[in-house]
Amino acid sequence: MNIILLGPPGAGKGTQARHLVDGRGMVQLSTGDMLRAAKDSGTEMGKIVAEVMARGDLVTDEIVIGLIREQLETVKANGFVFDGFPRTLAQADALNDLLSEFGQSLASVIALEVNDDVLVSRIVGRAEEARAAGQPVRSDDNAESLKIRLMEYYKKTSPLLGYYHAKGLLKSVDGLGDIDQVKGEISAILEG
Ligand code: AMP
């Protein structure tokens, strides 16, 4: 079973993806995590994406599609949870093609719905928590980058809601609840 978690920055995609894979033999594929790893490892690609990410812009389709292809080619799993991918219509089309190439399909696209005020306070809170714990703060978890990340979401990613709705795959979940509540709603959709 392959699932996409769709939602704006701070909606809880990463947290829910981690819960979802737990005990199901599924694997979380987060392009954000892959790009941060590339950045930290100082590869050529990492250097290219570091500035783009810090600004809050989207990395090119070519780069993220390449990262996903690599994972689908090498990782064996009882399904994937796509977290933060696709983020553009071109990525969504590429994912369709990749899944068919590997003889797979999409079971559901789960949209986490959270209003902008909550997103901003969650992300600012995430940065403050990391700072207080002496952990590294994401270079894009600041008010300026967040404004751009939200704009990128509305311009380029939110059209995917209509795209997957038209394919009959979209399920919406209220992402405002606490983590367990949201987790329960998602499980009910997947099992129902
Ligand atoms: P995330 O961890 O999903 O919030 O992603 C952090 C940043 O990585 C985003 O703001 C983008 O700069 C970049 N990124 C992650 N996934 C993608 C994607 N699918 N397409 C383009 N850029 C991405």
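Just so you know, ligand 1 is whichever comes first in the structure, and atom 1 is the first atom listed for that ligand. Sequence positions, counted from 1, serve as the residue numbers for this chain. Here the structure is a predicted model, which is why all the values come from computation and not from measurement.
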request  = Have a look at Ile123 and tell me which of Asp140, Asp141, Val118, Leu150 forms a side chain to side chain contact (heavy atoms under 4.5 Å, CB included) with it.
outcome  = Asp141
Same cluster (ILVMFWY, side-chain, under 4.5 Å), Ile186 and Tyr164 = no
remark   = Distance filter under 4.0 Å, heavy atoms only, around ligand 1 gives Thr31, Gly32, Leu35, Arg36, Met53, Asp57, Leu58, Val59, Val64, Gly84, Phe85, Arg87, Gln91, Arg138, Asp140, Arg149
ask   = Counting heavy atoms not belonging to Ile48, are there more than 12 under 6.0 Å from its CD1?
value = yes
ask   = Heavy-atom count around Glu51 CD within 6.0 Å, excluding the residue itself: above 12?
value = no
ask   = Is a salt bridge present between Glu44 and Lys47, judged by a nitrogen-to-oxygen distance below 4.0 Å?
value = yes
note = So NZ of Lys155 and CG of Leu58: to nearest 0.5 Å the spacing works out to 9.0 Å
